[in-house]
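A note on names: the letters A, B, ... follow the listed sequences, proteins ahead of strands, and every chain is numbered from 1. Basis for what follows: all heavy atoms, side chains included, without hydrogens, waters or symmetry-related copies.
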Amino acid sequence: MVIRAPKGVADILPPESERWRHAQQTAIDLCRAYDYREIILPVIEYTELFNRGIGQETDIVQKEMFTFEDKGGRSLTLRPEATAGVVRAFIQNHMEKGGLPIKLYYRGPMFRRERPQAGRYRQFQQLGVELIGSALPLADAEVIILCARFFCALGITTELVINSVGDDKCRPGYIEAIRNYLEDNSAELCEDCRRRTRENPLRVLDCKVPGCKEALLGAPDIQAYLCDECRDHFRQVEETLEAAEVYPKRDSRLVRGIDYYTRTVFEFATPALGAQNSLSAGGRYDTLIEELGGKPTPATGFSIGMERVMLADPRLPEQRDFGIYVMAIGDEARKPAFMLAQSLRDKGFSADLDLMDRSPKAQMREADRMGFQLAAIIGKDEMAGGYVALRDMKSGAQENIQVAELEGEIRRRHSAGGLGI
RNA sequence: GUGGGAGUAGCUCAGCUGGCAGAGCACCGGGUUGUGGCCCCGGAGGUCGCGGGUUCAAGUCCCGUCUCUCACCCCA
């Protein structure tokens, strides 16, 4: 048997990889516009970071982490998400000393040991931002707007769902209320939800079992339990979003599967995807930094699942660079052709030539197939005359250009044709 | 962890009640002593996922196993 990639991981080949690059570049350009800077983090962390950061009761920690021991017997884990690592780096490097807020973006692979399916992989790429230090509703709004603009830039239609899960002051009261309600109605709940009633009652709100949905119709609404500060914060977030023409749908049953969220939580979803329809999600985490040993510091952020973005719109462009294919006619032209391609590359053009000893006809077919815009043809006559035949692959028009004038001619055609370099 | 579907050429798939392994696309070459797309001709490419069983004979039937895939759980 040939060796296969491990379960749930994927190779991204050209031209698919070019679509990825486009989407990633779009996100990076937006991050820079909003003044976020890249943080490059390790993919392994000590396991305890995730146990404490994500929450011992979450599915991620309980059953989805790739965990192993190093030689010293210390437990390491492949990161299942990035926020805990960003916060660890923020604390460890005393980043608050440089002045708040700190605005960071990251990208890279995350790892969760789940059964793969459409839009869900064991290694998957996330791109996310963290805005650390600001407690203002404007901060929540900023990251949500940034995320909304990203989907907008790619032409992907999404639905934004938003909620507030309260803070340390008001959430305990709500959890108490929902737990009481669930206990009173436990006869109608599925087995999982009875367990969740004890361990993490908020998660029952997410249950899709029809009986549970019905049983929840009369459940207490978190909106009614928010303290004045949380209610005001939430209202201001919504107002700011609307001012930026981002229109969230409020859903008081939206709870995320990670324990660190406080106040604002949100999710961008798309109907185009199947079961895993969440393209990105995030929220505020005002207590996480303190819980991981830092000074109390408010923060907010989100993460985008790039595989799902790529699935959501397969029409994202896969453009090849402006390129010149150098054709050699006859063996004695091979080396001059090679040197011409080399000199074009040194001048910053994208150039290629035949490395398979093909016939002139086959070289031309290759230039066409690979989508080159120009072909520079060298044969006996051209070598003798010090020129090349420059062919426009689209029109087929061909004219002789002195080698000394080639660079200028290519640039002229490039700017006239509006082709991307 | 649980359930459904599927494994035949690089890709998408056909292959009937068991009887010589196929098509389209893609790839390579030729039709043009130095020129692409359309068209025509030719070529290469397969352990029919793997292992066992039934049979004169298995891609086809039976058993096992692996992988992929979709869904549940959960999440990006």
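By the salt bridge (Lys or Arg N to Asp or Glu O under 4.0 Å) test, A:Glu57 is found to be paired with no residue, residues two or more places apart in sequence or in another chain being considered. Taking the ring pair (Phe, Tyr, Trp, His ring centres under 6.0 Å) definition, one finds that A:Tyr285 meets it with A:Tyr260, sequence neighbours left out. Residues meeting the side chain to side chain donor-acceptor pair (under 3.5 Å) test with A:Glu290, sequence neighbours left out: none. Qualifying salt bridge (Lys or Arg N to Asp or Glu O under 4.0 Å) partners for A:Arg52, counting only residues two or more places apart in sequence or in other chains: none. With sequence neighbours excluded, the residues that form a salt bridge (Lys or Arg N to Asp or Glu O under 4.0 Å) with A:Glu267 are A:Arg256. With sequence neighbours excluded, the residues forming a salt bridge (Lys or Arg N to Asp or Glu O under 4.0 Å) with A:Asp357 are A:Arg334, listed by chain and number.
For A:Arg115, counting side-chain heavy atoms from C-beta on, the closest listed nucleotide (B:rG29, B:rC68, B:rC72) is B:rC72.
Rounded to whole Å, the separation between the P atoms of B:rA58 and B:rG49 comes to 15 Å. Comparing the P positions of B:rG45 and B:rG7 gives a spacing of 25 Å, expressed to the nearest Å.
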Pairs counted as Watson-Crick or G-U wobble with both distances under 3.5 Å: what dot-bracket string results for RNA chain B, using | for bases tied to another strand? (((((((..((((.....[..)))).(((((.......))))).....(((((..]....))))))))))))....

Between side-chain atoms of residues 141-154 of chain A and protein atoms elsewhere (two or more places apart, or another chain), which donor-acceptor pairs fall under 3.5 Å?
from: A:Glu142; atom 1: OE2; to: A:Tyr36; atom 2: OH; distance (Å): 2.8
from: A:Glu142; atom 1: OE2; to: A:Lys103; atom 2: NZ; distance (Å): 2.7
from: A:Arg149; atom 1: NH2; to: A:Ala244; atom 2: O; distance (Å): 3.2

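With respect to A:Arg345 and A:Asp352, a salt bridge is recorded, a charged nitrogen being found less than 4.0 Å from a carboxylate O.
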Give each protein N/O atom lying under 3.5 Å from an N/O atom of nucleotides 8-11 of chain B, with the pair distance.
none

Quick one: which protein N/O atoms are closer than 3.5 Å to N/O atoms of nucleotides 32-36 of chain B? Pair and distance per line, please.
from: B:rG34; atom 1: O6; to: A:Asp381; atom 2: N; distance (Å): 3.1
from: B:rG34; atom 1: O6; to: A:Asp381; atom 2: OD1; distance (Å): 3.1
from: B:rG34; atom 1: O6; to: A:Asp381; atom 2: OD2; distance (Å): 2.7
from: B:rG34; atom 1: N1; to: A:Glu382; atom 2: OE1; distance (Å): 2.9
from: B:rG34; atom 1: N1; to: A:Glu382; atom 2: OE2; distance (Å): 3.3
from: B:rG34; atom 1: N2; to: A:Glu382; atom 2: OE2; distance (Å): 2.7
from: B:rU35; atom 1: O2; to: A:Arg391; atom 2: NH1; distance (Å): 2.8
from: B:rU35; atom 1: O2; to: A:Gln398; atom 2: OE1; distance (Å): 3.2
from: B:rU35; atom 1: N3; to: A:Gln398; atom 2: OE1; distance (Å): 3.3
from: B:rU35; atom 1: N3; to: A:Gln398; atom 2: NE2; distance (Å): 3.1
from: B:rU35; atom 1: O4; to: A:Gln398; atom 2: NE2; distance (Å): 3.1
from: B:rG36; atom 1: O2'; to: A:Asp368; atom 2: OD2; distance (Å): 3.1
from: B:rG36; atom 1: N7; to: A:Arg391; atom 2: NH2; distance (Å): 2.8
from: B:rG36; atom 1: O6; to: A:Arg391; atom 2: NH2; distance (Å): 3.2
from: B:rG36; atom 1: O6; to: A:Gly396; atom 2: N; distance (Å): 3.4
from: B:rG36; atom 1: N1; to: A:Met393; atom 2: O; distance (Å): 2.2
from: B:rG36; atom 1: N2; to: A:Asp368; atom 2: OD1; distance (Å): 2.8
from: B:rG36; atom 1: N2; to: A:Met393; atom 2: O; distance (Å): 2.6
from: B:rG36; atom 1: N3; to: A:Asp368; atom 2: OD1; distance (Å): 3.3

Are any protein N/O atoms closer than 3.5 Å to N/O atoms in nucleotides 42-46 of chain B? If there are, list each pair with its distance.
none

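The list of salt bridge (Lys or Arg N to Asp or Glu O under 4.0 Å) pairs with a residue in residues 172-186 of chain A, not counting sequence neighbours, is empty.
Residue whose closest nucleotide on RNA chain B sits further toward the 5' end, between A:Ser278 and A:Pro6: A:Pro6.
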